[in-house]
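A short write-up of the structure that comes next.
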Amino acid sequence: MKFYSIHDIVKVKTNINIEMIPDYFLVDDVRKDFAPDIEVIQENLKSSRHIEGRTRCGVFFYWKDGSALHIDYNVPFFKVKLIIDDLPGQTRIRFTKAFRKFGNINLLCKIVLLLKFIQKGYALIHSGSLSYLGRKCILFPAMRDTGKTSTILSLLDGKKFKFMSDDLTIISKNGDVYSYPKDVGISPYTLTGKMISHSSKVKIKLAKSPVVTFLLGRFNKDLCERVSIPTGLIEDRGSIEKVFILTGGGREDIREIDSHTATRKILATTAELLDPFRVYSLNFYSYIFDFDILELFNKEKEIIEEALNNAECFELRANNVKKYPEMIRKILGETCL
């Protein structure tokens, strides 16, 4: 069994590896009063063949039991079962080994974690983040493959700039930022700066070959590696000072934008990565129990808008990702040079 405490905001208990939760939040010494907000448990659930009140819906049967939705897929020779219990409160997700194999349990856990943060008054957004000059924080929202990782690692120096997150960041309505230090995905094309380096120069050379890149793509393989950021380079918490939205493409340009525009762009890139409507079981739970997911997303928007009230927001556009760190240092001024 594993126990996670994410900044004492959301606590998780599980007996599987949830790929989106960094080991950084593992709790070694678990107290007896550890009360998880989310339980994710794989177990051998009992057969539901003779349960009264179950209803067929396409390829599965479902029924309600208190605050729990039971789903039993009609798959011969496999016990494919899922239980989602109490999404508004202490949420429990239970499933069989076969469901883990055929269903996307990691995506389900990712969205439930997102919803739980919103319920607690926080937003888990698709954005990288750095601290600079102590407890000031910079957010780097962007669509995937726009240059977040290259920008963050190029700026990272462990002194003026410390790492907080590469892909997901937790923010509160009063502008607090909390680290989310997952392992960083580095491709041969990623700019790594001075503090982090590629483990293999061979991969960089291979990536320059269009033939190798094409063949790897055909077999759904890539040359990306996962790199852990040393704890000494990580800052846990700070306050939003500036937001740099990396847009990419077009003529090199820096444009100051208002917080409402920045909020819309953060919501767009977060929805692209964390879309609850991609998870059928959650949509079905919402339908059966009248659980309003849209209301939570309105609350998420309010959290982000309030968080950015006192922040300076900029949209950066460049054809070459090497330009982003230069543009950011220019905005920050001599204090960070």
Discussion item. The test is salt bridge (charged side-chain N to carboxylate O under 4.0 Å, His left out); show your working for Lys265 and Glu315 and say whether it passes.
Written reply: CA-CA 10 Å; Lys265 289 189 175 289; Glu315 186 174 30; 3.5 Å; yes
Item to complete: Go through the steps for Phe297 and Leu115 under the test side chain to side chain contact (heavy atoms under 4.5 Å, CB included), then give the verdict.
Response: CA-CA 9 Å; Phe297 275 84; Leu115 299 179; 4.2 Å; yes
Item to complete: May I have the step-by-step check of salt bridge (charged side-chain N to carboxylate O under 4.0 Å, His left out) for Lys81 and Asp72, ending in yes or no?
Response: CA-CA 5 Å; Lys81 302 178 186 297; Asp72 185 354; 2.5 Å; yes
Item to complete: Please test Lys242 against Glu312 for salt bridge (charged side-chain N to carboxylate O under 4.0 Å, His left out), starting from the C-alpha separation and ending with a verdict.
Response: CA-CA 5 Å; Lys242 289 181 173 59; Glu312 291 182 281; 3.0 Å; yes
Practice prompt. Start with the C-alpha gap between Trp63 and Thr55, add the side-chain angles, then the distance that decides, and say whether side chain to side chain contact (heavy atoms under 4.5 Å, CB included) holds.
Written response: CA-CA 6 Å; Trp63 64 97; Thr55 304; over 6 Å; no
Worksheet item: Run the salt bridge (charged side-chain N to carboxylate O under 4.0 Å, His left out) check on Asp167 and Lys148 step by step: do they pass?
Response: CA-CA 8 Å; Asp167 198 44; Lys148 286 197 313 298; 3.8 Å; yes
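A donor-acceptor pair is defined here as one N or O able to donate and one able to accept, closer than 3.5 Å; no such pair exists between the side chain of Asn320 and the backbone of Lys323. Of the possible polar contacts, one joining the Ser165 side chain to the Ser129 backbone as a donor-acceptor pair under 3.5 Å is found. In this structure a side-chain-to-backbone donor-acceptor pair under 3.5 Å is present from Thr270 to His126. When atom types are taken as modelled, the side chain of Asn174 and the backbone of Asp176 share a donor-acceptor pair closer than 3.5 angstrom. Lys116 places a side-chain N or O within 3.5 Å of a backbone atom of Leu87 that can act as its donor or acceptor partner. Judged by distance alone, the side chain of Lys79 and the main-chain N or O of Leu45 form a donor-acceptor pair under 3.5 Å. For the pair Asp157 (side chain) and Lys160 (backbone), a donor-acceptor distance under 3.5 Å is present. Under a 3.5 Å cut-off, the side chain of Thr192 and the backbone N or O of Ile196 do form a donor-acceptor pair. For the pair Ser286 (side chain) and Leu282 (backbone), a donor-acceptor distance under 3.5 Å is absent. Here the side chain of Asn106 pairs a donor or acceptor atom with the backbone of Glu19 at under 3.5 angstrom.
One distance of note links CG of Leu133 with NZ of Lys159; it measures 13.5 Å at 0.5 Å rounding. Between atom CG of residue Leu113 and atom CD1 of residue Ile38 there is a gap of 5.0 Å, rounded to the nearest 0.5 Å. Ile6 CD1 to Leu26 CG: the interatomic distance, rounded to the nearest 0.5 Å, is 10.5 Å. Interatomic distance, CD of Glu39 versus CD of Gln90, reported as 8.0 Å (0.5 Å rounding). Here CD of Glu305 is found 11.0 Å from CD1 of Ile303. Values are rounded to the nearest 0.5 Å. Atom OG of residue Ser127 and atom CD1 of residue Ile138 lie 10.5 Å apart, to the nearest 0.5 angstrom.
Between Arg100 and Asn17, the shortest heavy-atom contact is NH2-N, 4.1 Å. The two atoms that bring Ser150 and Leu191 nearest to each other are OG-N, 2.9 Å, heavy atoms only. Between Asn15 and Ile41, the shortest heavy-atom contact is OD1-CA, 3.4 Å. Minimum heavy-atom separation, Gly147 to Val321: CA-CG1, 4.0 Å. Heavy-atom minimum distance, Ser259 versus Cys313: CA-SG, 4.2 Å. The heavy-atom pair separating Thr149 from Gly185 by the smallest distance is CG2-O, 4.0 Å.
Taken together through direct or relayed side-chain contacts under 4.5 Å among Ile, Leu, Val, Met, Phe, Trp and Tyr, Met143 and Leu168 form parts of separate hydrophobic clusters. Linking ILVMFWY residues whenever their side-chain heavy atoms come closer than 4.5 Å, directly or via other members, leaves Met20 and Val27 in distinct clusters. When the side chains of ILVMFWY residues are joined at heavy-atom separations under 4.5 Å, either directly or via intervening members, Phe102 and Ile16 end up in a single hydrophobic cluster. Hydrophobic clustering keeps Met1 apart from Ile18 (ILVMFWY residues linked when any side-chain heavy atoms are closer than 4.5 Å, directly or through intermediates). A continuous path of hydrophobic side-chain contacts links Ile21 to Leu107 [ILVMFWY only; heavy atoms under 4.5 Å].
Remark: Lys173 does not engage Glu302 in a salt bridge, criterion side-chain N to carboxylate O under 4.0 Å. Remark: Arg255 does not engage Asp253 in a salt bridge, criterion side-chain N to carboxylate O under 4.0 Å.
At least one side-chain heavy atom of Arg135 sits less than 4.5 Å from a side-chain heavy atom of Glu235. Residues Ile84 and Arg92 have side chains not in contact (no heavy-atom distance under 4.5 Å, counting atoms from C-beta outward). Between Asp236 and Tyr24 the shortest side-chain heavy-atom distance falls below 4.5 Å. A heavy-atom distance below 4.5 Å is found between the side chains of Asp85 and Ser67. The closest side-chain heavy-atom distance from Ile9 to Phe117 is below 4.5 Å. Side-chain contact between Thr169 and Leu124 is absent, with no heavy atoms from C-beta onward closer than 4.5 Å. Taking 4.5 Å as the limit, every side-chain heavy atom of Asp166 sits out of range of all side-chain heavy atoms of Asp183. Contact of the His7 side chain with the Ser179 side chain is registered, since non-hydrogen atoms from C-beta on lie closer than 4.5 Å.
Under the ring-ring contact (aromatic ring centres under 6.0 Å, His included) rule, Phe284 has a single partner from Tyr62, Phe277, Phe291, Phe289, which is Tyr62. Screening Tyr180, Tyr4, Phe3 against Phe25 for a ring-ring contact (aromatic ring centres under 6.0 Å, His included) leaves a single residue, Tyr180.
The 12-atom threshold is exceeded at CG of Asp275, counting heavy atoms of other residues, nucleotides or ligands nearer than 6.0 Å. At most 12 heavy atoms of other shown residues, nucleotides or ligands fall within 6.0 angstrom of atom NZ in Lys301. The environment of Asp29 atom CG is sparse: at most 12 non-hydrogen atoms of other residues, nucleotides or ligands sit within 6.0 angstrom. Within a 6.0 Å radius of CZ in Arg251, no more than 12 heavy atoms belonging to other residues, nucleotides or ligands are found. Heavy-atom neighbours of Lys97 NZ from other residues, nucleotides or ligands within 6.0 Å: at or below the threshold of 12. Counted within 6.0 Å of NZ on Lys299, heavy atoms from surrounding residues, nucleotides or ligands total more than 12; the atom is thus considered enclosed.
Take His260 and apply the ring pair (Phe, Tyr, Trp, His ring centres under 6.0 Å) test, not counting sequence neighbours, and it matches no residue.
Tyr132 does not carry Lys162 over the face of its six-membered ring by the limits of under 6.0 Å from the centre and within 45° of the normal.
Side-chain contacts under 4.5 Å among hydrophobic residues (ILVMFWY), followed directly or transitively, place Met164 together with Ile125, Leu139, Ile171, Val177, Ile240, Val243, Ile245, Ile257, Ile266, Leu267, Ile304, Leu308.
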